[in-house]
Amino acid sequence: MRIIFMGTPDFAVPCLLRLLADGEQVVGVFTQPDKPKGRGYTLTPPPVKTAALEHGVPVFQPTTLRDGEAEKIIRSLAPDLIVVVAYGKILPAEILFFPKYHSVNIHASLLPKYRGAAPIQWSILCGETETGVTSMLMDEGIDTGDMLLHKTTKIEENMTAGELHDVLAELGAQVLSETVSALKNGTLCPVPQTGESSYAPMLTKALCPLDFSKSAQEVHDQIRGLSPYPTATFLLSGKRIKAFRSKLGGTADKAFPAGTVVSCNGDIAVVCGDGNLVHITELQPEGKKRMSASAFLVGHNLPVGALLE
RNA sequence: CGCGGGGUAGAGCAGUUGGUAGCUCGUCGGGCUCAUAACCCGGAGGUCGUGUGGUUCAAGUCCCACCCCCGCAA
């Protein structure tokens, strides 16, 4: 099967590699243009580009798919199928439906929930205990196409978005592999999306500051859901600190104000709005490396009673 | 040349106006204890990121160059 693969970030890499490993004929990869990133604005290629080049697959990085150029390229590649995984661009109908088998998308949620850019993080932020990966036949809407196959996975209590990302990326590769072979065999039954839908928009820094007046569970979910990027933050005597990991456990003896540190025994236990504690176990001060809370406590005098905000 | 913080014992940090390098944790040994992540005593462990660099009687501490790590912003 001649396949054009479209994807950009790390999440899409296992899918691409799986297609190659399955012996599919990946005739071209579309990915976002290299962008200036990080300190010094170094021009950085997207992960999918790097992976594609390592396997000798031609890479295309158009800034738009709507000027006719991209369509010409795609026609010349004569694909039987287009596979889209976290590409970051909306495909026009003339491209979407050009291949014989049209276009298939792998999405990191159980549709119709968490359509959009950041389903992995939002599923944790919203306190879900289960999520998954869905393959669908693409239509012109955002993640609204008819569903093909899906696989589910549990979200463990202390799992971070980064960990869930890796699990779902692998699961996505499996779903993709099965979808492609079922497509060839003609055994798929597309199912329209019904039921309650929701939208998982891109994450912004506005979501990062922690609000300890919320419940411990909510604070915990915020820390997990934003870890390792863009990372929940709090202030300690004016300095911003990132929180990468936390766990729940215990309640405050007295009615301390939300954000009060009630113990520094191996981790930083903070009172939340509902009186329960969230234990920050891994953090990173500005300009420092990421470290365990216990390491942080060894070198910093953080008194019980200190206020985090 | 986008802005900024930092590189000192395995880890996290101090090191004041330049004058034989410290703290906490860990580690090793010993002691106490029914027991312990507790407590007591003792020890090991650093050419202070790199430089046959500069200033100085003397540099972790000032100056210069380079390497590396990180936060912001994109």
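In what follows, every chain begins at residue 1, and chains take the letters A, B, ... in the order their sequences are listed.
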Check your understanding: Given the C1' atoms of B:rC72 and B:rG18, what is the spacing between them in whole Å?
Key -> 34 Å
So A:Lys37, base contact, sugar-phosphate only, or nothing? Heavy-atom distance under 4.0 Å. base
Under a 3.5 Å limit on both distances, the Watson-Crick or wobble mate of B:rG2 is B:rC72
Atom CD of A:Glu282 and atom C1' of B:rC70 are separated, to the nearest Å, by 15 Å
Students often get this wrong, so: under 4.0 angstrom with heavy atoms, is A:Lys205 touching a base, only sugar-phosphate, or nothing? sugar-phosphate
Rounded to whole Å, the CG-P distance (A:Asn265 to B:rU24) equals 18 Å
To the nearest angstrom, the NZ-P distance between A:Lys289 and B:rG10 comes to 13 Å
Using a cut-off of strictly less than 4.0 Å, decide whether A:Gln284 has a side-chain nitrogen or oxygen near OP1 or OP2 of B:rC70. no
Paired to B:rU24 by Watson-Crick or G-U wobble criteria (both distances under 3.5 Å) is B:rA11
pair_partner(B:rC39), Watson-Crick or wobble, both distances < 3.5 Å, evaluates to B:rG31
Closer than 3.5 angstrom, by distance alone: can the side chain of A:Thr153 be matched with the main-chain N or O of A:Gly132 as a donor-acceptor pair? no
Taken to the nearest whole Å, CE/A:Met202 to C1'/B:rA74 is 13 Å
**OP:** Look at A:Lys288 and B:rG4 and indicate whether a side-chain polar atom (N or O) is within less than 4.0 Å of OP1 or OP2.
**Re:** no
message: Suppose you measure atom C1' in B:rG26 against the same atom in B:rG10; what distance do you get, rounded to whole Å?
response: 7 Å
Check your understanding: Which whole number of Å gives the distance between the P atom of B:rG71 and that of B:rC13?
Key -> 14 Å
Residues A:Arg290, A:Glu282: salt bridge by 4.0 Å N-O rule: yes
When both distances are under 3.5 Å in a Watson-Crick or G-U wobble arrangement, the nucleotide paired with B:rA65 is B:rU50
message: Would you say A:Ser135 and A:Thr179 are linked by a side-chain donor-acceptor pair, where the criterion is simply a distance under 3.5 Å?
response: yes
| message | Taking the C1' atom in each of B:rA73 and B:rA14, what is the distance between them to the nearest angstrom? | response | 32 Å
Rounded to whole Å, CD of A:Glu286 lies from C1' of B:rA73 at a distance of 13 Å
Atom CZ of A:Arg290 and atom P of B:rA11 are separated, to the nearest Å, by 18 Å
For A:Tyr41, answer base if it contacts any base atom (sugar-phosphate contacts may also be present), sugar-phosphate if it contacts only those atoms, and nothing otherwise; contact means non-hydrogen atoms under 4.0 Å. base
A:Lys239 NZ to B:rG12 P, in whole Å, measures 16 Å
Presence of salt bridge, A:Glu178 and A:Lys151, under 4.0 angstrom = yes
Subject >> Spacing of the P atoms in B:rG49 and B:rC34 (rounded, Å) >> reply: 48 Å
Side-chain contact check for A:Met291: nearest option of B:rC69, B:rC13, B:rU24 is B:rC13
Does A:Tyr114 offer a backbone N or O that forms a donor-acceptor pair with the side chain of A:Trp122 under 3.5 Å? no
Exercise. State plainly whether the residues A:Arg2 and A:Glu24 are in salt-bridge range, i.e. N to O under 4.0 Å.
Key: no
Practice task
Provide the distance between the two C1' atoms, one in B:rG46 and one in B:rC57, to the nearest whole Å.
Solution key: 26 Å
Rounded P spacing from B:rC28 to B:rC66 in Å:
44 Å
Note to self: In whole Å, measure the gap between the C1' atoms of B:rG30 and B:rA21 for me.
What the structure shows: 28 Å
Open item on the list: So, under a plain 3.5 Å distance rule, would you say the side chain of A:Arg39 forms a donor-acceptor pair with the base of B:rG2?
Closed with: no
A:Val298 has its side chain closest, among B:rG71, B:rG6, B:rA11, to B:rA11
Whole-Å distance, A:Asn301 CG to B:rU24 C1', equals 10 Å
Closest of B:rC72, B:rG12, B:rA74 to the A:His300 side chain is B:rG12
Strictly below 4.0 Å, N to O, side chains only: are A:Asp221 and A:Arg224 in salt-bridge contact? yes
| message | Base, sugar-phosphate or nothing for A:Gly266? Non-hydrogen atoms, less than 4.0 Å. | response | nothing
